[in-house]
Visitor: 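Take this structure, written in structure tokens, and hold onto it; I'll ask about it next.
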Amino acid sequence: MKTNLLHFDAEGLVAFCEQLGEKRFRANQLLRWIHQRGGSDFDAMTDLAKSFRDKLKVHAVVQALPISRCLESADGSIKWLFDVGGGDAIETVFIPEQDRGTLCVSSQAGCAVGCRFCSTGHQGFSRNLGTHEIVAQLWFAEHALRRRFHTGERVISNVVMMGMGEPLQNFAALLPALRLMLDDHAYGLSRRRVTVSTSGVVPMMDRLREECPVALAVSLHAPNDALRDSLVPLNRKYPLEELLDACQRYLLAAPRDFITFEYCLLDGVNDQDQHAHELLARVRQHGESGVACKFNLIPFNPFPGSGLRRSSPDRIQQFVRILSEAGIVTTLRKTRGDDIDAACGQLAGDVQDRTRVHLRMPLHPVHRLEEVAS
Ligand code: SAH
Ligand code: SF4
């Protein structure tokens, strides 16, 4: 069995090189070939000794994931559906903007958290992705986009772990992937430009803070435990008080001086004035100094069988207004890629049909962050 080198961060690759009887510094050379130049053909890595290349050819491979589908939106967003075997598919989305290119990456096939408003949650949990499967999404997207745009320059400037899955329930595989994203010999992204989004796995928020603090987004969705219990079942295990405490601890090491709270607006469920006011009180009055935060409001992206509706545009604006007038920076995610999402909606109708499971796509909306207040 050959080892897929996308599996290794710098430390892992050093160990692998040493196993092959090679010097440590070879690892950095190899990292640059693979991640900066998109190389997968060892013969082309001409500054590596021929003997080393021969060993690599026997023991290693740089292997992307098979693509099941690629959907392109008129607005430039691109969604890839990758086949991860066993009938499972994951999605990766590229969102171009004027000043940045963001890649939305998946961490699991399915998700065990089971949030009510989330299509992935409704599908249930299939399995954790390995580090190589998380990294393969970035490796493939970055180099495919460079070829497409005929550029040698970096295309992806930001990564958000907001695709399928709960990244902090796959911490062991996530950690080396994050390290690679930050490594100057690989993707060299700053910690502020790599965001982990979590539904609130408190102990793992602490691990992330200790081992690899990157920007953090926390999916809040409700201002009190009763409502949050019903939307994000994990809240029963880690209620708001504990979650907000963990946010405050995270801030001590975070590369940004705020936590981004995500809040999916659901018609008549969590989108009333009273919810916005309660939310303000909750984050402002937590602990001695409140939690330094920004809000990112997400209009619900409907899918069949959810039984939920998107809030009206007026309601959304009013919610934004209450938070921003209270002085909290609040952004509204403008849905992008509506046309390709629509295609997903149709595909997701097949959820019961295991034989067509590879055609299913989660329904996380393709978004653009739009600053509405600062
Ligand atoms: N599991 C992590 C990261 C992936 S979900 C988390 O929950 O944070 C990324 C974001 O998309 C989360 O904030 C999630 O709440 C939101 N989301 C999921 N389904 C959605 C839907 N149908 N409409 C709008 N936002 C959704
Ligand atoms: Fe999982 Fe996030 Fe979806 Fe909740 S919103 S089910 S945590 S992917």
Side-chain angles (χ1 to χ4, degrees), residues 9 104-108 110-115 117-118 120-121 125 128-129 131 134 158-182 189-225 227-229 231-264 279 282-296 298 328-329 364:
D9 62 5
C104 178
V105 170
S106 294
S107 55
Q108 299 179 312
C111 182
V113 178
C115 300
F117 49 83
C118 174
T120 306
F125 178 66
N128 277 329
L129 298 185
T131 298
I134 299 174
N158 296 58
V159 172
V160 293
M161 296 301 306
M162 293 186 186
M164 285 179 100
E166 169 49 58
L168 294 188
Q169 286 188 339
N170 187 14
F171 191 76
L174 176 72
L175 192 60
L178 294 178
R179 291 195 167 132
L180 265 181
M181 293 172 198
L182 304 177
L189 301 176
S190 89
R191 289 180 187 279
R192 302 155 59 88
R193 288 174 174 268
V194 174
T195 302
V196 167
S197 173
T198 181
S199 54
V201 190
V202 165
M204 292 299 145
M205 289 166 65
D206 288 321
R207 286 282 301 280
L208 188 66
R209 182 198 71 212
E210 285 159 10
E211 300 194 32
C212 191
V214 293
L216 186 69
V218 172
S219 295
L220 215 51
H221 308 309
N224 60 61
D225 283 322
L227 186 54
R228 195 163 190 271
D229 281 352
L231 295 173
V232 183
L234 193 67
N235 195 68
R236 294 182 206 130
K237 195 160 180 193
Y238 306 114
L240 276 171
E241 200 67 9
E242 284 181 37
L243 179 57
L244 296 177
D245 280 349
C247 290
Q248 284 183 322
R249 290 194 297 276
Y250 197 87
L251 281 166
L252 299 174
R256 291 181 179 271
D257 54 6
F258 59 89
I259 301 283
T260 301
F261 286 130
E262 295 165 278
Y263 196 101
C264 175
L279 202 51
R282 188 92 210 198
V283 298
R284 286 256 159 97
Q285 289 163 20
H286 188 82
E288 276 174 21
S289 52
V291 183
C293 63
K294 291 187 179 179
F295 270 92
N296 186 207
I298 320 173
I328 297 196
V329 174
H364 292 159

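Everything numeric here is computed off the predicted structure, so don't read it as measured data. Hydrogens, waters and symmetry mates play no part in the numbers below; they use all other heavy atoms, side chains included.
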Visitor: I need the C264 SG to L231 CG distance, nearest 0.5 Å.
Guide: 8.5 Å
Visitor: Quick one: does any side-chain atom of S106 pair with a main-chain N or O of G163 as donor and acceptor, under 3.5 Å?
Guide: no
Visitor: Please name the pair of heavy atoms, one in R191 and one in C212, separated by the smallest distance, quoted to 0.1 Å.
Guide: NH1-C, 3.8 Å
Visitor: So, for V196 and P167, which heavy atoms are closest and what is the spacing to 0.1 Å?
Guide: CG1-CG, 4.0 Å
Visitor: For residues 243-254, pull every pair meeting salt bridge (charged side-chain N to carboxylate O under 4.0 Å, His left out), keeping only residues two or more places apart or in separate chains.
Guide: D206-R249
Visitor: Does any non-hydrogen side-chain atom of I134 lie less than 4.5 Å from one of M161?
Guide: yes
Visitor: Can you tell me how far the NE2 atom of H286 sits from the CD atom of Q248, to the nearest 0.5 Å?
Guide: 4.5 Å
Visitor: Is the shortest heavy-atom distance from the side chain of R193 to the side chain of P255 under 4.5 Å?
Guide: no
Visitor: Judged by atom type as modelled, is there a donor-acceptor pair below 3.5 Å linking the side chain of T198 to the main-chain atoms of G200?
Guide: yes
Visitor: Measure the spacing between CZ of R228 and SG of C115 and express it to the nearest 0.5 Å.
Guide: 8.0 Å
Visitor: What pairs with E241 under salt bridge (charged side-chain N to carboxylate O under 4.0 Å, His left out), at least two apart in sequence or on another chain?
Guide: R282
Visitor: Could you please spell out the steps behind the side-chain contact (heavy atoms from CB on, under 4.5 Å) verdict for C104 and V160?
Guide: CA-CA 5 Å; C104 178; V160 293; 3.9 Å; yes
Visitor: Would you say L251 and D257 make side-chain contact, with heavy atoms under 4.5 Å?
Guide: no
Visitor: Between Q169 and A112, what is the shortest heavy-atom contact and its length?
Guide: OE1-CB, 4.0 Å
Visitor: How would you list, by chain and number, every residue that makes a side-chain hydrogen bond (donor to acceptor under 3.5 Å, both in side chains) with D9, sequence neighbours excluded?
Guide: none
Visitor: State the CG-SG distance between L279 and C293, to the nearest 0.5 angstrom.
Guide: 8.0 Å
Visitor: What pairs with S199 under side chain to side chain contact (heavy atoms under 4.5 Å, CB included), at least two apart in sequence or on another chain?
Guide: V113, E166, V232, L234
Visitor: Do the side chain of R236 and the main chain of D229 share a donor and acceptor less than 3.5 angstrom apart?
Guide: yes
Visitor: Please test L243 against V202 for side-chain contact (heavy atoms from CB on, under 4.5 Å), starting from the C-alpha separation and ending with a verdict.
Guide: CA-CA 6 Å; L243 179 57; V202 165; 4.2 Å; yes
Visitor: Do any pairs count as a ring-ring contact (aromatic ring centres under 6.0 Å, His included) and have a residue in residues 194-221, sequence neighbours left out, and if so which ones?
Guide: F117-H221
Visitor: Listed by chain and number, what are the side chain to side chain contact (heavy atoms under 4.5 Å, CB included) partners of Y250, not counting sequence neighbours?
Guide: L208, R209, P213, V214, L216, A254, I259
Visitor: Search all heavy atoms of F261 against all heavy atoms of L244 and return the closest pair with its distance.
Guide: CZ-CD2, 3.7 Å
Visitor: Working to the nearest 0.5 Å, report the span between CG of N128 and CD of Q108.
Guide: 5.0 Å
Visitor: Between D225 (side chain) and L240 (backbone), is there a donor-acceptor pair under 3.5 Å?
Guide: yes
Visitor: So which heavy atom on A222 is nearest to which on Y263, and how close?
Guide: N-CE1, 3.4 Å
Visitor: With sequence neighbours left out, what residues match N170 under side-chain hydrogen bond (donor to acceptor under 3.5 Å, both in side chains)?
Guide: none
Visitor: Measuring from atom CE of M205 to atom CZ of F171, what distance do you get when rounded to the nearest 0.5 angstrom?
Guide: 12.0 Å
Visitor: Does a side-chain heavy-atom distance below 4.5 Å link T260 with T195?
Guide: no
Visitor: Just to verify, what does S197 make a side chain to side chain contact (heavy atoms under 4.5 Å, CB included) with, not counting sequence neighbours?
Guide: M162, A217, S219, E262
Visitor: Return all side-chain donor-acceptor pairs below 3.5 angstrom for residues 173-180, not counting sequence neighbours, or 'none' if the list is empty.
Guide:
{"from": "R179", "atom 1": "NH2", "to": "E211", "atom 2": "O", "distance (Å)": "3.2"}

Visitor: Should L168 and R207 count as side-chain neighbours, where that means a heavy-atom distance under 4.5 Å?
Guide: no
